[in-house]
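Computation of the quantities below employed the complete heavy-atom set of this structure, encompassing side-chain atoms and omitting hydrogens, waters and symmetry-equivalent molecules. A quick note: this is a predicted structure, and the numbers were derived from the prediction, not measured. Every chain is numbered from 1, with letters handed out A, B, ... down the list of sequences.
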2 protein chains.
Amino acid sequence: MSLFQELMVKNGSNVLLEAGDHAFMQGDSDSNIYFVQSGLLKAYYIRSDGKEHIKSFLPEGSIIGSMVALVDGDPCTFSLVASEPTVAIALPYKVLADAAQSDNGLANALVGFLGTYGKRKEQREYQLLSMSAEDRFALLVETMPDIAGRVSQADLASYIGITPQALSRIKRRLK
Amino acid sequence: MSLFQELMVKNGSNVLLEAGDHAFMQGDSDSNIYFVQSGLLKAYYIRSDGKEHIKSFLPEGSIIGSMVALVDGDPCTFSLVASEPTVAIALPYKVLADAAQSDNGLANALVGFLGTYGKRKEQREYQLLSMSAEDRFALLVETMPDIAGRVSQADLASYIGITPQALSRIKRRLK
DNA sequence: GCGACAAATGAACCTCGGTTAATTACGGCG
DNA sequence: CGCCGTAATTAACCGAGGTTCATTTGTCGC
C-alpha cells in the first residue's frame, strides 16, 4: 500500500454504502477524496438532456474525487454511486492540502496521487479520441475482465459511450 | 505568475521552435515539462492507422508534458509540435520531483500544477463523453476564440474529433 | 415449476459523420 | 494580371451507431 493510501486509512473516516447509495451527487460540494476498500463504485455524469454517461468504474483499491471540487471547491461535475455494497474511506482534500503545507512527506504523497490521476486521464483521453467503440470494448474486457462481469450491459455500454443495443451488436460482430 | 511558473523560468532552459519543429515525438523518452512563453504548440497523437488527433492547443502561458513520461519515464504517448514560432522553457520533471523531496514549497507548487492538470483533463473527458461535435466546436469558439483564428480548419476539426468536411458542414448548419 | 419483472437481444428505420472526389476560394509571386 | 499550390467547401455515397419497439432470455420470489 502506498504512503498516500496509508495516510488515508489513518486519517479518513469510514463510509458504508449499499448498492444504489450515493457518496455524492453532481452539483454537490463534496471535496472528499474516497479510497475504495471493498465493493464497487461508479462515477457518472448526467447530461443536460438527462442521459447518463459512466466516467469510470472504481473497484477495491481505487482513489477518486471530483478534481474541480478538490482543487477549487467548485460543485462536483459528476455523481458517485455504489453499484455493490461498498466500504470506502473519505478524507477532505483540504485537510491533506493544508497538512501538505508543512509536511513534505505528505506533499510528495499528494504529488504521487495527482500524477497517477493525471496519467489515467491522459490514457482515457487517448481512448476517447483515438479508438472506436469496438476497440474500447475490447480494451475494457482485456484490462478489467472482472468489471465486465460485475456490471450490467447497460453500464458497460454507458462507459464505452454507446447504447446497450450498439454494444449488443458489437458483441455479435466479435463472435 | 504562479510560484510554479517562476520556478520553471528560474531553473529551466530556453527552447526555440520554428513552426513545424517538434519539442518531442510520440515514442520519445522526454520527461521535460514545457512552459510556453510565446507562440503556439500543438499536442497530437498518431494512431495506429496513421491518422492524427490533436489533443490540445497550448498558447502562451500553458504548461505541458506527457504525464506517463513524467511520472513513470515511459515513452511519450503523443507528439508536441510548434504551429507558430515558439519560445518555451523546458525543465526535467525528475529535477522538480527530486527537489520536491526536500523543498516543501516546491512540492506544494507541484501539487498545484498537477491539480490544475487533472482538472483540465476531467473537463476534457466530460466534453468527449457528453457533448456532440457541434457542442464541442461551439465551446472551443467560446473559450478559446483566438485559437479558432490561429490554426487551420483541419486542426480545429482534428481537435474536436471530426474531419474538416464534417466541421465545414457544422459551420454551415450554424449559420 | 410458474409468473413477473428486468435485462439482453434483435429488427427497421434514421442521422451524423466518414470517405472520396470535384469545385471553389485564397494567398504569394513571377 | 495570371499562375499555382493550399485550404476550404460542397456533393454523393456509405456505414456505424442512435431510436423505437418487439421479442427473447434470465432471474428472483413463491
Between atom CD in B/Gln165 and atom P in D/dA12, what is the gap in whole Å? 15 Å
Of the listed nucleotides (C/dT20, D/dG18, D/dC21), which one gets closest to any side-chain atom of A/Ile162? D/dG18
Under the side-chain hydrogen bond (donor to acceptor under 3.5 Å, both in side chains) test against A/Thr77, which residue among B/Gln123, B/Glu122, B/Glu125 passes? B/Glu122
What nucleotide among C/dG17, D/dT19, C/dT9 has an atom nearest to a side-chain atom of A/Gln153? C/dT9
Using the six-membered ring of A/Phe57, assess whether NZ or CZ of A/Arg124 lies under 6.0 Å from its centre and within 45 degrees of the ring axis. no
Would you say the side-chain atoms of B/Arg136 pair up with the backbone N or O of B/Met131, donor to acceptor, closer than 3.5 Å? yes
State whether A/Thr163 places a side-chain N or O below 4.0 Å from either non-bridging phosphate oxygen (OP1 or OP2) of D/dG18. yes
Check: B/Phe4 ring centre within less than 6.0 Å of B/Phe35 ring centre: no
Scan B/Arg169 against the nucleic acid and name what it touches under 4.0 Å (heavy atoms): base, sugar-phosphate only, or nothing. base
Please state how far atom CZ in A/Phe137 lies from atom C1' in D/dA16, giving the value in whole angstrom units. 16 Å
Heavy-atom nearest nucleotide on DNA chain D taken for A/Ala166 and for B/Lys171; more 5' hit belongs to B/Lys171
Can you classify the ring geometry of B/Tyr45 versus A/Tyr126 as parallel (below 30°), tilted (30 to 60°) or perpendicular (above 60°)? perpendicular
Taking only side-chain nitrogens and oxygens of A/Arg173, does any of them come within less than 4.0 Å of OP1 or OP2 of D/dG17? yes
For the helix from C/dG1-D/dC30 to C/dG30-D/dC1, what angle separates the axis at the start from the axis at the finish, each from five pairs, in steps of 10°? 30°
Taking only the side-chain heavy atoms of B/Ser168 (C-beta and beyond), determine which of C/dG10, D/dT9, D/dG17 contains the nearest atom. D/dT9
